Amino acid sequence: MTRPLFLLAAAVALAACSGRPDHLAPEDDLSDLDVALVDQDSAAFAFPSDLAGRPAYVTAVYTNCPDVCPMTMAQTRKVYEALGADTARVAFVTFSFDPARDTPTVLRRYAATWRLGPDWRLATGDSTTVAGLMDRLGIRSEVSQRDTFADGRVYYALSHTDKALLLDADGRVVETYGGSAAPPEMVAQDVRALLP
Amino acid sequence: MRSLALLSLLALTACGGDSADATDDATVVSANYFGLDNAYARAAPAGGASAVYLDVVNDTSSDVTLVSASTDAAGRVEIHRTEAGQDDLTTMTPVEGGLAVPAGETVTLAPGGLHVMLLDLQRDLAEGDTVTVELQFEGRSPLTVQAPVRGLDG
């Protein structure tokens, strides 16, 4: 076999063995982060190290969101179901970008309402830590409406980025989707492409 | 001949005038039907927020405006629209001046768009529950709907 042909054959073999589609090339490496959060059970959650070397589907909501965030939760559930038995090999994490209201207690009630399994973690933390993480993930939020209830409690609504991220087992962002409209079968296909 | 005339009179009577069916699954639709169909609410914990979605069916010859809504399940109820705003932010905006439901049309309140927003929930809305919501219209009697609560799979 001539040298150029040999090199071509080697390149084709390497491409076939890598198994990852081109669109899942790493975009951002989050493995340098060490973000201290807590989950809905008030257990410490270190991101991304607690993902334990698994691909992760990451979303973000705030629990006082009546429309888009429940859509995100519903679409994430569909991804979860589309993965079937492979779910056990994937981490599901939903952050709250409203740490002032979304305490672990609130997140636990939210998880119970949506009947989330223990393998789907909701996470929050102190406001500075959460703000820094959201900035790194490219998820923005700002107060869009502020009101006062009859008993004097202040309510606010948030405008926010609608985004989901897929991380590979090395903590690198390889794809992003609209959180509330991510096609579950497409996401599941991408996730499976990251599994060994 | 008399029987035929009587039957014709009955048919004309049945077809005449506006009808406002206050049910969430109207099975009898007249030519002047105005009602609420396909209503449901999202599950949510007490103290949080939820949304009610439905079709406002206006098969009458008059434009109608939905001006407000109320329920004892929430401390505050507003009509909102979700929109993709500037700078990649999704936002909810109150529908100012009421929601127009033109004559002969159906306006759908659905996820990602128009919705009846429930704030300051007074109780858990659990899958399988029912939420009673009253919608108030300009110049028309209010309509009440029993909206079943759906979870993530609904």
Side-chain angles (χ1 to χ4, degrees), chain A residues 60-81 97-98 101-103 105-117 120 138-145 147-151 153-163 176 178-181, chain B residues 40-53 69 71 73-96 109-129 131 133 147 149-154:
Chain A
V61 302
Y62 77 108
T63 69
N64 274 274
C65 177
D67 188 38
V68 175
C69 299
M71 292 172 66
T72 296
M73 298 298 288
Q75 288 303 103
T76 304
R77 164 65 65 78
K78 289 176 182 174
V79 171
Y80 187 95
E81 292 172 348
F97 45 79
D98 186 17
R101 290 185 293 189
D102 292 341
T103 63
T105 300
V106 170
L107 292 179
R108 187 164 58 250
R109 288 206 300 263
Y110 197 69
T113 297
W114 293 126
R115 301 184 184 181
L116 306 184
W120 184 342
I139 297 172
R140 292 177 50 229
S141 62
E142 59 186 42
V143 175
S144 60
Q145 177 185 349
D147 211 337
T148 304
F149 293 142
D151 61 3
R153 285 176 296 127
V154 174
Y155 167 82
Y156 57 88
L158 298 173
S159 296
H160 57 90
T161 307
D162 180 22
K163 184 178 183 180
T176 60
S180 66
Chain B
Y40 69 96
R42 280 289 191 197
S50 181
V52 173
Y53 306 104
T71 175
R76 176 76 62 85
V77 183
E78 299 177 356
I79 312 296
H80 274 235
R81 185 194 311 270
T82 296
E83 295 174 310
Q86 298 178 350
D87 300 330
D88 192 35
L89 297 181
T90 299
T91 191
M92 295 182 304
T93 307
V95 176
E96 301 291 350
L109 285 68
L114 293 164
H115 54 279
V116 179
M117 186 167 74
L118 309 184
L119 301 177
D120 189 27
L121 289 175
Q122 301 296 292
R123 58 180 175 86
D124 291 343
L125 299 187
E127 190 175 350
D129 287 350
V131 181
V133 183
V149 178
R150 296 182 184 177
L152 283 182
D153 301 320

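Protein chains get the first letters and strands the later ones, always in sequence-line order, with residue 1 at the start of each. Owing to the predicted nature of the structure, the values given are computational and were not obtained by experimental measurement.
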Considering only heavy atoms and a distance below 4.5 Å, find which of B/Pro94, B/Gly113, B/Ala44 pairs most often with chain A. B/Ala44

If the condition is salt bridge (Lys or Arg N to Asp or Glu O under 4.0 Å), which residues does A/Glu81 pass it with, not counting sequence neighbours? none

Between CG of A/Asn64 and CG of B/Leu119, what distance do you get to the nearest 0.5 Å? 7.5 Å

Give the minimum heavy-atom separation between B/Thr91 and A/Ser159, together with the two atoms involved. OG1-OG, 2.6 Å

Going by heavy atoms in the side chains, are A/Tyr155 and B/Asp120 under 4.5 Å from each other? no

Winner by heavy-atom pair count (cut-off under 4.5 Å) against chain A, out of B/Asp88, B/Leu118, B/Thr93: B/Asp88

Do any side-chain atoms of residues 67-80 of chain A form donor-acceptor pairs under 3.5 angstrom with protein atoms, and if so which ones, sequence neighbours left out?
residue : atom : partner  : partner atom : Å
A/Asp67 : OD1  : B/Tyr53  : OH           : 2.5
A/Asp67 : OD1  : B/Gly112 : N            : 3.2
A/Asp67 : OD2  : B/Thr82  : OG1          : 2.5
A/Asp67 : OD2  : B/Gly112 : N            : 3.1
A/Thr72 : OG1  : A/Val68  : O            : 3.3
A/Thr72 : OG1  : A/Ser180 : N            : 3.4
A/Gln75 : OE1  : A/Lys78  : NZ           : 3.3
A/Gln75 : NE2  : A/Ala182 : O            : 2.9
A/Thr76 : OG1  : A/Thr72  : O            : 2.8
A/Arg77 : NH1  : B/Asp153 : OD1          : 3.2
A/Arg77 : NH1  : B/Asp153 : OD2          : 3.2
A/Arg77 : NH2  : A/Trp114 : O            : 3.0
A/Arg77 : NH2  : A/Arg115 : O            : 3.1
A/Tyr80 : OH   : A/Asp119 : OD1          : 3.1
A/Tyr80 : OH   : A/Asp119 : OD2          : 2.6

Please classify the contact between B/Leu121 and chain A as side chain, backbone, both or neither, with a heavy-atom cut-off of under 4.5 Å. neither

Residue part contacting chain B, namely of A/Arg153, when any heavy atom lies under 4.5 Å: side chain

Does the side chain of B/Met92 come within less than 4.5 Å of A/Pro66's, by heavy atoms? yes

Side-chain touch A/Thr161/B/Thr90, heavy atoms, less than 4.5 angstrom: no

Report which part of A/Leu116 has an atom under 4.5 Å of a heavy atom belonging to chain B: side chain, backbone, both, or neither. side chain

Smallest heavy-atom separation, B/Glu78 atom then A/Asp147 atom, equals OE2-OD2, 4.0 Å

Let me know if B/Ala43 has heavy atoms under 4.5 Å from chain A in its side chain, its backbone, both or neither. both

Please rank A/Lys163, A/His160, A/Arg101, A/Arg109 by heavy-atom pairs under 4.5 Å with chain B and give me the top one. A/His160

Whatever's closer than 4.5 Å to a heavy atom in chain A on B/Ala84 counts as neither

Given 3.5 Å as the limit, does a donor-acceptor pair link the side chain of B/Arg76 with the main chain of A/Thr148, or not? yes

